[in-house]
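Have a look at this one before I ask anything.
We name chains A, B, ... by the order of the sequence lines, and we start the count at 1 in each one.
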Amino acid sequence: MYESVAAEAFSRELLAWYRRGNRDLPWRRSKNPYYIWISEIMLQQTRVDTVIPYFNRFIERFPTVRDLAEAPEEDVLKLWEGLGYYSRARNLQAAAKEIAEKHGGEIPADKAAVSGLKGVGPYTSGAILSIAFNLPEPAVDGNVMRVLSRYFCLEEDIAKPAARVGIEGLARELIPEGAAGDFNQALMELGALVCTPRSPHCLTCPVMEHCAARLSGRQEELPIKTKAKKPKPQHRLAVLIEDANGRVLARQRPEQGLLARLWELPHIEAPLEAWSNDDVAPGWLATTFALEGMNVRTTGFLGDAEHVFSHLHWFVRIWGADRVSFDRAIRDDMAGAAAGLLGEEAVRESAASYERDEQSASEAGELPAGYRWIDREDFERLAWPNLFRKILSEHFSREGDYDQTF
DNA sequence: AAGCCGGGGAC
DNA sequence: GTCCCAGGCTT
């Protein structure tokens, strides 16, 4: 058990500090559980300033749980475009449907029911229950782990899942009677504004008096957190293909995994040697797309783009291309050629062979599944990862050439 | 326990 | 460049 004087002072002073004044945020203007829920999902691993415009657009378009439950998935994804972690959008709508069916369209004030909603974990569950319903549940996020690690000089590695469980127990004990919502928000407010990751503002902190880290001069050392691994580099070749009407060939990503269901330019992974060699890359592109039965020929280098994810670092080289057709015969031929794809020579050879046969390919042809020609209106309606949104925004606005870095 | 899953702001 | 953010899901 922790020293009760320090613990009681912490809860009392922090709550008073929060109630003297706090940030005016859109989701704080009511206790509408639907607003609280949407905001908490959006705030997962996402800063307040980023979320605000997304939140306002979202509740304007989907004012209630039922509006969200009945919306086309495409619309939900478009409003989520740029926020990241797109499974949140799918889970949100799945949960909305469950709430509409099982709970009459109202967020249940029940721990088991809320915790069972898709996309709602321990943190979000506690946040909804405490903020919307003032139930005495802890809501431990990164802010709270940092603040309590410092105040109580906890030396557990907060990068480990076990640390959150322990801090949750502590946070539960600290909740003042009847003030769970304000107290939990006060903890996060302190972490965001005062007890910041670097250079904490101890001199203006409402709980500095009994803060164990400050008293021992260790506020810059805590919390202890092991470093994350660096994103793995991945080299990708993309093609920008325009048809006679100025439409661009795009495709939709699979339902699961990275950037699920978002739209993108066709692209493939390539070894660094093929990616960076302008003599090899065109053959690699032609050969790989031929495996899908798609006939493309590069016309020239357009530009480079880069995109960093949590665990991946994409280096995307964009090539212009033309002569698109689709033919199952090509795909079947190339499947055989692919068996010999073990080196650059093989790539050149099969691509050249493919070029010779290309005249016999059917010109009309359907496109492979998921592929579409998109015009400017399509571009604006569909959801894209930032990387491709920038490239296509440039393309459709026709400013300059592509010989640049996006 | 570790990996997967975005994007951006602050330093 | 680094860190990390009102985390959750899957294996």
Side-chain angles (χ1 to χ4, degrees), chain A residues 22-23 25-28 35-55 77 80-92 94-95 114-132 137-147 157-165 167-168 171 181 183-193 195-199 220 223 225-232 234 253-254 256-262 264 306-314 383-390:
Chain A
N22 53 64
R23 289 176 291 179
L25 304 174
W27 47 90
R28 282 185 179 167
Y35 293 176
I36 305 297
W37 170 49
I38 299 299
S39 70
E40 290 301 339
I41 299 296
M42 288 185 170
L43 286 162
Q44 289 169 3
Q45 295 293 289
T46 312
R47 294 171 193 282
V48 166
D49 289 343
T50 303
V51 166
I52 289 174
Y54 282 92
F55 175 83
L77 205 53
W80 209 268
E81 182 188 44
L83 251 192
Y85 290 118
Y86 297 94
S87 66
R88 291 187 293 176
R90 158 176 278 188
N91 289 336
L92 201 58
V114 169
S115 302
L117 296 172
K118 280 200 181 349
V120 176
Y123 163 74
T124 307
S125 165
I128 295 172
L129 294 167
S130 64
I131 299 172
E137 292 292 329
V140 175
D141 67 343
N143 285 310
V144 176
M145 288 197 283
R146 182 174 60 255
V147 168
D157 180 358
I158 65 167
K160 299 190 180 302
R164 201 210 77 249
V165 178
I167 293 177
E168 223 167 46
F183 177 72
N184 284 345
Q185 292 187 86
L187 263 173
M188 295 185 276
E189 190 96 341
L190 189 76
L193 302 180
C195 197
T196 47
R198 283 170 296 194
S199 308
E220 303 270 6
K225 185 175 185 179
T226 54
K227 290 176 184 171
K229 281 195 284 188
K230 284 181 63 175
K232 189 173 120 189
Q234 210 173 65
R253 295 182 60 86
Q256 295 196 350
L258 187 68
L259 302 168
R261 302 185 321 287
L262 269 65
E264 65 182 7
E306 209 172 322
H307 197 73
V308 183
F309 302 89
S310 308
H311 59 301
L312 287 177
H313 190 153
W314 277 4
W384 308 78
N386 221 335
L387 164 71
F388 294 107
R389 192 178 57 72
K390 283 181 189 167

Next on the checklist: Under 4.0 Å, counting only non-hydrogen atoms across every strand here, what does V51(A) touch: a base, just sugar-phosphate, or nothing?
Outcome noted: nothing

Item to check | Nearest-angstrom distance from the residue atom CD of Q256(A) to P of dC9(C) | outcome: 14 Å

Item to check | Qualifying residue, where the test is side-chain contact (heavy atoms from CB on, under 4.5 Å) with L43(A) and the options are D141(A), V51(A), T50(A), L25(A) | outcome: V51(A)

Checklist entry - Which of these nucleotides, dG3(B), dC5(C), dA6(C), is closest to any side-chain atom of R146(A)? => result dC5(C)

Item to check | R28(A) (side chain) donor-acceptor with R23(A) (main chain) under 3.5 angstrom | outcome: yes

Checklist outcome for this item: Partner of V144(A) under side-chain contact (heavy atoms from CB on, under 4.5 Å), picked from I158(A), L187(A), L190(A), is L187(A)

Checklist entry - Between the base of dA6(C) and the side chain of R164(A), is there any donor-acceptor pair under 3.5 Å? => result no

Item to check | Span that lies between the P atom of dG8(B) and that of dG8(C), in whole angstrom | outcome: 22 Å

Checklist entry - Reckon I131(A) touches a base, only the sugar-phosphate, or nothing at all at heavy-atom distances under 4.0 Å? => result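 Nothing, no heavy atom under 4.0 Å.
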
Item to check | Nucleic acid contacts of residues 120-129 of chain A, taken as heavy-atom distances under 4.0 Å to DNA chain C | outcome: V120(A), G121(A), P122(A), Y123(A), T124(A)

Checklist entry - Is the side chain of Q44(A) donor-acceptor paired with the backbone N or O of G119(A) at a distance under 3.5 Å, no angle test? => result yes

Next on the checklist: When the C1' atoms of dC4(C) and dC5(B) are compared, how many Å lie between them, rounded to an integer?
Outcome noted: 15 Å

Item to check | Closest listed nucleotide, where the reference is the side chain of K160(A) and the choices are dA2(B), dA6(C), dC4(C) | outcome: dA2(B)

Next on the checklist: If I pick the C1' atom on dC5(C) and the same atom on dG6(B), what distance separates them, to the nearest angstrom?
Outcome noted: 12 Å

Checklist entry - For L92(A) and dG7(C), what is the distance between atoms CG and P respectively, to the nearest whole Å? => result 16 Å

Checklist entry - Short question: side chain of S125(A), backbone of P122(A) - any donor-acceptor pair under 3.5 Å? => result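 Absent.
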
Next on the checklist: Without decimals, in angstroms, what is the distance between R261(A) CZ and dC5(B) P?
Outcome noted: 14 Å

Checklist entry - Tell me, for nucleotides 6-11 of chain B in 5' to 3' order, what letter each nucleotide earns: B for a base near a protein heavy atom under 4.0 Å, S for only sugar-phosphate near one, - for neither? => result BBBBB-

Next on the checklist: Quick check against the 3.5 Å criterion: does Y86(A) have a side-chain atom that pairs as donor or acceptor with the backbone of G257(A)?
Outcome noted: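 Side chain of Y86(A) to backbone of G257(A): no pair is present.
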
Next on the checklist: Looking at E137(A), is its backbone amide N or carbonyl O close enough to the side chain of N184(A) to form a donor-acceptor pair, meaning the two atoms are under 3.5 Å apart?
Outcome noted: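 A pair under 3.5 Å: yes.
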
Checklist entry - Would a distance-only check, ignoring hydrogens and angles, find a side-chain to backbone donor-acceptor pair under 3.5 Å from R389(A) to W384(A)? => result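 A pair under 3.5 Å: no.
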
Item to check | Atom-pair distance (CG on D157(A); C1' on dA1(B)), nearest Å | outcome: 12 Å

Checklist entry - Do W314(A) and L258(A) touch side chain to side chain, with heavy atoms closer than 4.5 Å? => result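 Counting from C-beta outward, W314(A) and L258(A) do come under 4.5 Å.
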
Item to check | K118(A) vs dC9(C): side-chain N/O to OP1/OP2 distance below 4.0 Å | outcome: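 No, outside the criterion.
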
Next on the checklist: If I take atom NZ in residue K230(A) and atom C1' in nucleotide dG3(B), what distance separates them, rounded to the nearest angstrom?
Outcome noted: 18 Å

